[in-house]
Amino acid sequence: MSQTVDRALSILPLLAEGPADLGQVADRLGVHKSTALRLLRTLHEHGFVYRQSDQRYRLGARLFALAQEAVENLDVREIAHPHLVRLNEECGHTVHLAVYEENEVLYIDKVESRYPVRMYSRIGKPVAITVAAVAKLLLADLPEAERRAVAEKLDYPTYTSRSTPNAPAFLKELAKVREQGWATDLGGHEESINCVAAPIRGTDGRVVAAMSVSAPNVVVTADELLTLLPSVRRTADAVSREYSGRTPAPDTV
């Protein structure tokens, strides 16, 4: 039975490359055409493959529907939370998770620092979109035309002397973030708070969320916080792999 399942599943990557006829499927599997036909018929009955008028087979609509349903039901917060906790245990600083929704960047998870100083951020609260490191990552991933349109509509409050002053400066920063793959907020929102962030990507490579580590100057300097960038990026990459299904979740087979 396991060999039959393995053979049937092996057909799907082949058809992902493009339509194939019975002979091509049999050759790829290394089986007789009659065996390949039985497998294709079963997959066809379940809607996973479709037989075209030219007798070639392609992936079926049911497969795409299941994939879309699975993506829609993924909860990036649920997947990311254990990783955020581990990073917090490693560094001791506040760890955030944020997403971009309806023209706002919102915190959807937070693990508090282990020291008495607390950050004002709240889950569900919009971030300061023109300065926050997570916001830069999420907006930098937008298509260029959309990115420019968003930047030109924003207000640019002067939170500190390091705040982003205007749309051209913001677009320049977003281009830099897009190229380097990470972002910072070094006193742009609060003079005493620094932050370093990395993106979480979905199956298509697009940024679906961003995570960050933040700390006040009285605890670590900006330079000291930047030394945590490799750990932040490794954590974000681990979440990305699990979210996109490129690796088994911990403690699973």
Treating [X] as the side-chain partner and [Y] as the backbone partner, does any N or O pair qualify as donor plus acceptor under 3.5 Å?
X: T94; Y: E112; value: no
X: R201; Y: S240; value: no
X: E146; Y: P143; value: no
X: E104; Y: E101; value: no
X: D155; Y: P157; value: no
X: R28; Y: I11; value: no
X: H46; Y: F48; value: no

Would a hydrophobic clustering, with Ile, Leu, Val, Met, Phe, Trp and Tyr connected at side-chain separations under 4.5 Å, put [X] with [Y]?
X: L87; Y: I123; answer: no
X: W182; Y: V95; answer: yes
X: L9; Y: L22; answer: yes
X: M211; Y: L106; answer: no
X: Y57; Y: L43; answer: yes

Self-check item: Pairwise side-chain contact, L12 with V49, heavy-atom cut-off 4.5 Å (strictly under)
Solution: yes

Self-check item: Student check: side-chain heavy atoms of T160 and V131 closer than 4.5 Å
Solution: no

[X], [atom1]: over 12 other non-hydrogen atoms inside 6.0 angstrom:
X: E144; atom1: CD; value: no
X: R51; atom1: CZ; value: no
X: E179; atom1: CD; value: no
X: E78; atom1: CD; value: no

Quiz item: Taking it one step at a time, do S214 and H96 satisfy side chain to side chain contact (heavy atoms under 4.5 Å, CB included)?
Solution: CA-CA 8 Å; S214 304; H96 288 107; 4.0 Å; yes

Please name the pair of heavy atoms, one in [X] and one in [Y], separated by the smallest distance, quoted to 0.1 Å.
X: P19; Y: Q52; result: CG-OE1, 3.7 Å
X: K136; Y: V177; result: O-CG1, 4.0 Å
X: V213; Y: H93; result: CG1-CB, 3.6 Å
X: A169; Y: N166; result: N-OD1, 2.9 Å
X: R77; Y: L97; result: CA-CD2, 3.7 Å
X: C195; Y: A133; result: SG-CB, 3.9 Å

Can you measure from [atom1] ([X]) to [atom2] ([Y]) and round to the nearest 0.5 angstrom?
X: N217; Y: N194; atom1: CG; atom2: CG; result: 4.5 Å
X: H83; Y: I200; atom1: NE2; atom2: CD1; result: 9.0 Å
X: R56; Y: L15; atom1: CZ; atom2: CG; result: 10.5 Å
X: I108; Y: H81; atom1: CD1; atom2: NE2; result: 11.5 Å
X: S212; Y: L228; atom1: OG; atom2: CG; result: 12.0 Å
X: E190; Y: R162; atom1: CD; atom2: CZ; result: 13.0 Å

Quiz prompt | N-O pairing of R206 and D204 below 4.0 Å | solution = no

Exercise. Show your working on side chain to side chain contact (heavy atoms under 4.5 Å, CB included) between T130 and Y159 and close with a plain yes or no.
Key: CA-CA 10 Å; T130 59; Y159 301 107; 4.2 Å; yes

Practice problem: Please write out which residues are connected to L174 in a hydrophobic cluster, directly or through intermediates, given that two of Ile, Leu, Val, Met, Phe, Trp, Tyr count as joined at side-chain heavy-atom separations below 4.5 angstrom. | Solution: Y100, V105, Y107, V127, I129, V134, L138, L139, L142, V150, L154, Y156, F170, V207

Self-check item: Intermediate values then yes/no, side chain to side chain contact (heavy atoms under 4.5 Å, CB included), L171 and R148
Solution: CA-CA 7 Å; L171 288 168; R148 184 171 296 278; 3.4 Å; yes

Self-check item: S192/V218 under side chain to side chain contact (heavy atoms under 4.5 Å, CB included): CA gap, chis, key distance, verdict
Solution: CA-CA 8 Å; S192 61; V218 295; over 6 Å; no

Quiz item: Does a side chain donor of either R41 or H44 reach within less than 3.5 Å of an acceptor in the other side chain?
Solution: no

Self-check item: Residues S231 and E90: side-chain donor-acceptor under 3.5 angstrom
Solution: yes

